[in-house]
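Report on the structure given below.
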Amino acid sequence: MTLPDCASDLGPLHAYPTADGSFSLQSERFGEAFHNSAGARNEAVAKFAVPAQLERFGNGTPLRVLDVCVGLGYNSAVLLEALPSPAPELLWWGLELDRRPLELALTQLDFRNSWSPPVLQILQQLRAHGRWHHTRSSGELLWGDARRMLQTIPEQQRFDLILQDAFSPQRCPELWTEEFLAGLAARLAPGGRLLTYSRSAAVRASLRRSGLMLLSLLPAPGERPGWSSGTMAVRAGEPIPAAGPGWRALSTMEEEHLHTRAAVPFRDPNGTDDSAAILRRRGAEQASCELEATNSWQRRWR
Ligand SMILES: C[S@@+](CC[C@H](N)C(=O)[O-])C[C@H]1O[C@@H](n2cnc3c(N)ncnc32)[C@H](O)[C@@H]1O
């Protein structure tokens with residue numbers, strides 16, 4: 001199945017079935033699938049819902065969520081499914097460029113059947129109206145470039161959970177820049193958690209410079225275990241166990257990665273550059289920096 005190209009630049013989208021049976025997509029323009037082959041839903045649960053520890057919001061504490069790159073909606077949908085009972089008051093914001101991933105997902109019977117009726121209703125309301133409003137929960141999906149749309153959320157708004165799920169930094173560097181990540185970090189509420197599948201040294205180094213403390217995510221079931229399966233970042237100095245459900249401390253190998261050329265950040269000073277300009281700028285900075293070459297780090301830890 002292929003959906004026609006549209007103004008939003010994602011290019012043609014192709015169906016990409018994953019090993020846990022959940023439906024996903026592949027973007028021709030970005031040359032990447034939306035999820036890993038082990039399973040879209042699997043990945044959303046392991047990397048976003050589990051380390052979020054939603055039981056923290058079971059005592060009447062409101063929950064404020066920012067979903068960056070909503071796509072087919074898996075990350076928020078698994079959170080909604082996993083809310084403790086009684087459910088906390090929920091305030092949700094989503095950022096997404098292209099309407100087609102959610103539209104296409106909702107045409108799939110298996111996708112629709114995989115959610116409880118209230119969660120499916122929320123996904124359908126987002127598709128139809130870009131928002132939902134219930135007595136104790138409401139959400140707004142801001143369509144457009146996430147860099148620009150983030151600015152439209154009231155400045156004082158803070159989030160308990162930020163789900164950062166853009167395409168990989170090499171393919172979509174504009175959403176992994178020092179500036180964009182600092183903007184996300186600044187929105188983290190006390191006790192808040194930023195979660196991402198990315199283990200990139202550049203991303204981690206930018207998050208650390210933004211005042212966050214880094215933890216490493218554990219693999220999702222069925223995912224090939226590597227040296228890390230993603231990153232959880234919390235405000236530095238806040239108490240959090242070195243290991244918890246779905247995360248552990250950074251290893252020495254991961255710490256050393258942050259001192260290699262791979263840690264040179266993506267930069268986008270005005271928040272408007274295209275990916276080619278951001279990659280060129282980073283390449284020039286890497287070529288002139290004195291950090292260890294990343295392949296010698298790799299050889300050391302092989
Ligand atoms: C890896 S997919 C996200 C998968 C999604 N979280 C899910 O659960 O299905 C990346 C998404 O980023 C969106 N995207 C790409 N560039 C963007 C931009 N500049 N601003 C906002 N969204 C963008 C794409 O449309 C795509 O839906």
Side-chain angles (χ1 to χ4, degrees), residues 3 5-18 20 22-49 52 65-81 92-106 108 111 114-115 119 122-123 126-127 130 141-153 161-177 179-181 183-184 194-198 200 220 230 266 268 271-278:
L3 268 189
D5 208 349
C6 77
S8 65
D9 282 351
L10 257 195
L13 296 173
H14 304 284
Y16 181 76
T18 62
D20 69 354
S22 54
F23 175 78
S24 186
L25 292 168
Q26 174 136 31
S27 155
E28 214 169 285
R29 174 182 153 220
F30 283 93
E32 255 176 26
F34 282 48
H35 298 94
N36 73 27
S37 57
R41 186 161 180 155
N42 236 348
E43 191 179 3
V45 170
K47 300 189 184 177
F48 297 96
V65 178
L66 176 65
D67 185 344
V68 183
C69 295
V70 173
L72 294 81
Y74 275 104
N75 298 338
S76 289
V78 298
L79 283 189
L80 291 167
E81 294 287 9
W92 179 94
W93 302 80
L95 306 176
E96 172 56 55
L97 190 61
D98 192 318
R99 294 169 189 259
R100 292 174 304 159
L102 182 58
E103 282 171 9
L104 186 50
L106 285 168
Q108 304 294 305
F111 180 84
S114 68
W115 307 113
V119 172
I122 284 176
L123 293 174
L126 287 175
R127 174 191 55 186
L141 211 172
L142 302 170
W143 301 109
D145 187 320
R147 290 173 291 183
R148 190 166 45 82
M149 300 320 288
L150 179 63
Q151 313 295 331
T152 70
I153 300 177
L161 295 175
I162 298 180
L163 319 177
Q164 164 52 311
D165 201 18
F167 288 119
S168 69
Q170 284 300 329
R171 306 284 180 151
C172 188
E174 56 272 30
L175 298 189
W176 300 103
T177 61
E179 295 79 7
F180 185 68
L181 294 171
L184 294 181
L194 184 150
L195 294 159
T196 174
Y197 72 88
S198 178
S200 144
F266 299 90
D268 178 18
T272 52
D273 282 345
D274 63 18
S275 53
I278 296 170

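One-based numbering, in listed order, for ligands and for the atoms of each. The first residue in the sequence is number 1, and the count goes up from there. None of these values were measured; they are calculated from a predicted model.
Within the cation-pi definition used here (under 6.0 Å to the ring centroid, within 45° of the axis), R171 does not qualify as a partner of W176.
Contacts with ligand 1 closer than 4.0 Å are made by side-chain heavy atoms of H35 only, the backbone lying farther away. If you look at L10 next to ligand 1, the close heavy atoms, those under 4.0 Å, all belong to the side chain.
Counting only heavy atoms of the protein, atom 2 (S) of ligand 1 lies nearest to F34 CD2, 3.5 Å. Nearest protein neighbour of atom 22 (N) of ligand 1, counting heavy atoms only, is L97 N, 3.2 Å. With hydrogens left out, the protein atom closest to atom 18 (C) of ligand 1 is L175 CD1, 3.6 Å, a heavy atom. Ranking protein heavy atoms by distance to atom 25 (O) of ligand 1, first place goes to E96 OE2, 2.4 Å. Protein heavy atom at the shortest distance from atom 19 (N) of ligand 1 is D145 OD1, 3.5 Å.
Here the rule is side chain to side chain contact (heavy atoms under 4.5 Å, CB included) with L80, and of I122, N75, L123 only I122 fits it. When each of F167, Y16, F23, Y74 is tested with F34 by the rule ring-ring contact (aromatic ring centres under 6.0 Å, His included), just one qualifies, namely F167.
The closest approach between a heavy atom of G73 and any atom of ligand 1 is below 4.0 Å.
Between C69 and ligand 1, at least one N/O pair is under 3.5 Å apart. The shortest N/O to N/O separation between D165 and ligand 1 falls below 3.5 Å. In terms of polar-atom proximity, defined here as any N/O pair under 3.5 Å, E174 makes no such contact with ligand 1. In terms of polar-atom proximity, C172 is not counted as a contact of ligand 1, lacking any N or O under 3.5 Å from an N or O of the ligand. By the 3.5 Å distance cut-off applied to N or O atoms, L72 is counted among the residues near ligand 1.
Those atoms of ligand 1 that come under 4.0 Å of a heavy atom in G144, given as number and element, are 20 (N), 21 (C). Annotation for ligand 1: atoms under 4.0 Å from non-hydrogen atoms of A146 are 18 (C), 20 (N), 21 (C).
For D268, the salt bridge (Lys or Arg N to Asp or Glu O under 4.0 Å) test picks out R147, with sequence neighbours left out.
The closest side-chain heavy-atom distance from D20 to E43 is not below 4.5 Å. Annotation: side chain of F266 is in contact with side chain of Q170 (closest heavy-atom distance under 4.5 Å). Residues L195 and K47 have side chains not in contact (no heavy-atom distance under 4.5 Å, counting atoms from C-beta outward). Residues D67 and F48 have side chains not in contact (no heavy-atom distance under 4.5 Å, counting atoms from C-beta outward). Within the 4.5 Å cutoff, the side chain of D98 has no heavy atoms near those of the S27 side chain.
With 3.5 Å as the limit, one finds a donor-acceptor pair spanning the side chains of S76 and W92.
In this comparison of D98, N75, V70, V68, the heavy atom closest to atom 5 (C) of ligand 1 sits on V70.
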